[in-house]
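Since we're looking at a predicted model, the values are computed, not measured.
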Amino acid sequence: MRALVIDDSKPIRSILGKFLGELGFDITEAVNGKDALEKLDCWGPPDLTLVDWNMPEMNGLEFIRSVRANSRFDHVPLMMVTTETDMEQVSSALEAGANEYVMKPFTKDVILEKLQLLGMTRY
């Protein structure tokens, strides 16, 4: 299984990558939405994408909208992992096409719970 972790914070990418790596995912990292789109073009659809909201060049909401506009990525689960806690922003992300929403700070158990909600029941 392959996961794409998109966050401009190297420590957050490392933490998420470690969690997912322990679950057997091969990890690719991107520093913003634009970088992630370029990696999707080269790499193809991952089995899971975790994306931060606040990033330079292309934020997470813009990334989600761009991905959902391309039918090639319809089946890719998108999990927003962010410090944004306002319910309007949660709604905006879900309406744009995010499948799940995790608020920072998070724990490994929260990520596992969201994976189960996404139907990745092996976790």
Can you check whether Met103 reaches Thr83 side chain to side chain, under 4.5 Å on heavy atoms?
no
Is there a side-chain contact between Pro46 and Val76 in this structure, where contact means two heavy atoms from C-beta onward sitting under 4.5 Å apart?
yes
By salt bridge (charged side-chain N to carboxylate O under 4.0 Å, His left out) - contacts of Asp35 (at least two apart):
Lys39
Under the salt bridge (charged side-chain N to carboxylate O under 4.0 Å, His left out) test, residues paired with Glu22 that sit two or more places apart:
Lys18, Lys108
Cluster overlap [X] with [Y], hydrophobic side-chain contacts below 4.5 Å:
X      : Y      : result
Trp53  : Val102 : no
Trp43  : Met1   : no
Met79  : Leu16  : yes
Val31  : Ile15  : no
Val110 : Val90  : no

Where is the tightest heavy-atom contact between Arg13 and Ala30, given as atom of each residue plus distance?
CD-O, 3.5 Å
Minimum heavy-atom distance between Gly44 and Phe73, given as atom pair plus value
C-CE2, 4.3 Å
Single hit among Ile6, Leu61, Asp7, Thr82 for side-chain contact (heavy atoms from CB on, under 4.5 Å) with Val51
Ile6
Between Asp47, Ile27, Leu48, which is the residue that forms a side-chain contact (heavy atoms from CB on, under 4.5 Å) with Arg2?
Asp47
Audit row: Leu37, Val67, side chain to side chain contact (heavy atoms under 4.5 Å, CB included) steps and yes/no
CA-CA 8 Å; Leu37 288 177; Val67 166; 3.9 Å; yes
If I take atom [atom1] from residue [X] and atom [atom2] from residue [Y], how far apart are they, to the nearest 0.5 angstrom?
X      : Y      : atom1 : atom2 : answer
Phe63  : Asp52  : CZ    : CG    : 12.0 Å
Leu112 : Leu117 : CG    : CG    : 11.0 Å
Asn54  : Asp8   : CG    : CG    : 8.0 Å
Glu100 : Gln116 : CD    : CD    : 11.0 Å
Lys114 : Met80  : NZ    : CE    : 12.5 Å
Thr49  : Leu4   : OG1   : CG    : 4.5 Å

Do any N or O atoms from the side chain of Asn99 and from the backbone of Leu78 form a donor-acceptor pair under 3.5 angstrom?
yes
Look only at the side chain of Ser92 and the backbone of Glu88, and say whether a donor-acceptor pair between them is shorter than 3.5 Å.
yes
Basic-acidic side-chain contact under 4.0 Å: Asp74, Arg68
no
